[in-house]
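Here the structure is laid out as structure tokens; the discussion comes afterwards.
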There are 2 protein chains.
Amino acid sequence: MTVPTTSTTVSKSQRAYTFLRERIEDGRFVPGYRLVLAQLAGELDMSVVPVREAIRRLEAEGMVTFERNVGAQVALIKETEYQHTMETLALVEGYATALSAPHLTGAQLDAAREVNERMRRCLADFDPHRFTELNLEFHAVLFEPCPNPHVLDLVHRGWRRMTVLRDSSFAFVPGRAQESVAEHDRILGLVADLQAGRATATDVELAARRHRTATLDAVLARQASRRPHPSEK
Amino acid sequence: MTVPTTSTTVSKSQRAYTFLRERIEDGRFVPGYRLVLAQLAGELDMSVVPVREAIRRLEAEGMVTFERNVGAQVALIKETEYQHTMETLALVEGYATALSAPHLTGAQLDAAREVNERMRRCLADFDPHRFTELNLEFHAVLFEPCPNPHVLDLVHRGWRRMTVLRDSSFAFVPGRAQESVAEHDRILGLVADLQAGRATATDVELAARRHRTATLDAVLARQASRRPHPSEK
DNA sequence: GTATCCCAGATGATATACGATCCTGCGACC
DNA sequence: GGTCGCAGGATCGTATATCATCTGGGATAC
């Protein structure tokens, strides 16, 4: 008989990978948190081999740093690296937007507008967590018809790395929320213009890119204002 | 004292990774070549564990596909995937060029011009291999002062994936070589213009992007002409 | 003749065990 | 008092062994 206990089709290394990624993304494992192979293996009721594999995979994605004979920890991301990651994300998001724009259906555009309206209403009783969720949803709708999965993959990697930083010092800039919603409107307008032949793909791309670089600039400006004396450690 | 026997500091998994990547990149392991853990472990005189890790790392980079309980093989890349990869490479290369442009010193610009001249001379007695090498060198010089290592990392990943295809059907298009050299000239001219305030970063970026998409289009066109009846397997 | 089932070989996945390396703290010596 | 050196523990790195799974071929039933 051998009832296969419902779902044996997922490997242990996969389980370990999912386990770790979940905790890193939702902030339970903050940057700098040490990942000890033997300890994790015990928690997950498996040997160290699959755990090791999972950690190496996360390392390849930039979520974890791993040093030989020393150990692994959730990646600690410095300000310059954050800046570089966000610049790259701006690049690929902008491109993804331009690629998707001509393929967006009326229904998809309406859905995106609707999400953005929810974001606007969310501005009143402001909840950063909910706002971030809606923001992700907005872009997910926008990128639905993107014909280049490679670019989307890069977008998702960028997003994931960003979430590693949730609880670090590079957090949300509340003042940006309103501008974000307005910029979304503008991007949606440009998409409609593009479909009507009144705007070029480059217009859409650069607008979408600037949308994220503006957020980045705001974060960096706040960081700078928080340490008036750069001489501090 | 402790002469550390020159270099014992390299792990076996690292050695296996280098070994495999070399063979994939220089074409000894062609796309589709099966990578059997036990066999490779025998060749490398190590156990399967480090080999497995190396293969998983290559999988994360897209050089290898790995299926559970079935095995690994050098990635077989379809035409659409090739197209998507190259589009992405065009995007990041264009951006990397624009980012580097304002920081290129006179010496670096001269070096780039010199490499391009060698490419031009190479057109006479044409050797695809040498031309490709020079092409890589040209871009390496161009990206030297790029301030965003993330973007450069994406460029290098794209290049590496491209080399996987060397011996597959997506090979070199000889007719493109001349245009390539001319486009390099044009890009270098735009960089100089940018530094003199006569061109914008976007001009440089889009020109560099078009440089690669033009190559892509040429490859795809040749592919299309090679199979007049798309019904063939 | 064809379809199905089953078995054996090949191969990957994981567990366990041992060795190598690095970090830490303590003590001795300058 | 400071610095060097030396255990000892913690942790990773790899080898070996065993289990699980897939694949392909051949026998058998229809």
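For the numbers below, each heavy atom of this structure counts, side chains included, while hydrogens, waters and symmetry mates do not. Letters go in sequence order (proteins before strands), and every chain restarts at 1.
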Heavy-atom donor-acceptor pair, B/H211 side chain to B/G94 backbone, under 3.5 Å:
no
Is there any salt bridge (Lys or Arg N to Asp or Glu O under 4.0 Å) pair reaching into residues 146-158 of chain B, and which pairs are they, with sequence neighbours excluded?
B/D153-B/R157
Any pair counted as ring-ring contact (aromatic ring centres under 6.0 Å, His included), so long as it reaches residues 57-77 of chain A, sequence neighbours left out:
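Listed once each, the pairs would be none.
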Contact nearer the 5' end of DNA chain C, comparing B/E67 with A/V48:
B/E67
Please report the distance, rounded to the nearest Å, between CD in B/Q14 and C1' in D/dT14.
15 Å
Which residues, if any, of residues 51-66 of chain B bring a heavy atom under 4.0 Å of DNA chain C?
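Within residues 51-66 of chain B, the residues near DNA chain C are B/R52, B/F66.
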Is A/R52 salt-bridged to B/E53, cutoff N-O under 4.0 Å?
yes
Could you work out, with salt bridge (charged side-chain N to carboxylate O under 4.0 Å, His left out) as the rule, every residue matching A/D217, not counting sequence neighbours?
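Listed in chain order: nothing, the list is empty.
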Tell me which nucleotide among D/dT14, C/dA13, C/dT16 gets nearest to the side chain of A/S47.
C/dT16
Of all the choices, D/dT14, D/dG13, C/dT14, which nucleotide is nearest to the side chain of A/N69 once you look at every atom?
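Minimum distance to the A/N69 side chain belongs to D/dG13.
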Are the aromatic rings of B/H184 and B/H139 close, with centres under 6.0 Å apart?
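Yes; B/H139 has its ring centre under 6.0 Å from that of B/H184.
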Sub-4.0 Å heavy-atom contacts from residues 32-46 of chain A onto DNA chain D, ordered by number:
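When residues 32-46 of chain A is checked for heavy atoms under 4.0 Å from DNA chain D, the hits, listed by number, are A/R34, A/L35, A/V36, A/L37.
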Sugar-phosphate only, base, or nothing, as touched by A/V70 at under 4.0 Å among non-hydrogen atoms
sugar-phosphate
Qualifying side chain to side chain donor-acceptor pair (under 3.5 Å) pairs with a residue from residues 31-47 of chain B, counting only residues at least two apart or across chains:
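Non-adjacent pairs meeting side chain to side chain donor-acceptor pair (under 3.5 Å): zero.
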Are any non-hydrogen side-chain atoms of B/R68 and A/Q14 less than 4.5 angstrom apart?
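No. Closest side-chain heavy atoms not under 4.5 Å.
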